[in-house]
Amino acid sequence: MIDTSDAELDALRREITPGQRAILNEVWGYFRDQNRWIPQRILDQRFGKPAVQSCHAALGDNVIRTMEYGGEECYRLTFLGVL
């Protein structure tokens, strides 16, 4: 289990760029509305593949991950990503 203090979480929130925040909000909103994680192709269409890949690389697997679901690559948030 990750032991993240409130100060560390606040620091992470301050470091997230507006573009990264928009991508994370899109992933969470899609999950909330569709009850499934967003397919990679949809997120790439909305933000551009380079922006999505840059966000994933910058935030890492502790925040946003790729996974296969129903034969399709999808993005999902970790618990930390949801916070």
R41: salt bridge (charged side-chain N to carboxylate O under 4.0 Å, His left out) partners, not counting sequence neighbours: E72

Partner set under side-chain contact (heavy atoms from CB on, under 4.5 Å) for R14, not counting sequence neighbours: D10, A11

I23 to A51 - nearest heavy-atom pair and separation: CD1-O, 3.8 Å

T78 side chain near I64 side chain, heavy-atom distance below 4.5 Å: no

Close side-chain approach of R36 to C74, heavy-atom, < 4.5 Å: yes

Residue pairs passing the ring pair (Phe, Tyr, Trp, His ring centres under 6.0 Å) test where at least one lies in residues 61-83, sequence neighbours excluded: H56-Y75

Euclidean distance, I38 CD1 relative to L43 CG, rounded to 0.5 Å: 4.5 Å

Nearest heavy-atom neighbours spanning L59 and I16: CD2-CG1, 4.2 Å

Verdict with reasoning, L24 to V82, per side chain to side chain contact (heavy atoms under 4.5 Å, CB included): CA-CA 8 Å; L24 295 176; V82 172; over 6 Å; no

Set of ring pair (Phe, Tyr, Trp, His ring centres under 6.0 Å) partners for Y30, sequence neighbours left out: none

Partners meeting side-chain contact (heavy atoms from CB on, under 4.5 Å) with E73 (sequence neighbours left out): Q40, T66, E68

F31 side chain near R76 side chain, heavy-atom distance below 4.5 Å: no

R21 (side chain) donor-acceptor with T17 (main chain) under 3.5 angstrom: no

Nearest-0.5 Å distance, CD1 of residue I42 to CH2 of residue W37: 14.0 Å

Counterpart residues, side chain to side chain donor-acceptor pair (under 3.5 Å), relative to E26 (two or more places apart): R46

Closest heavy-atom pair and its distance - V52, F47: CG2-CB, 3.9 Å

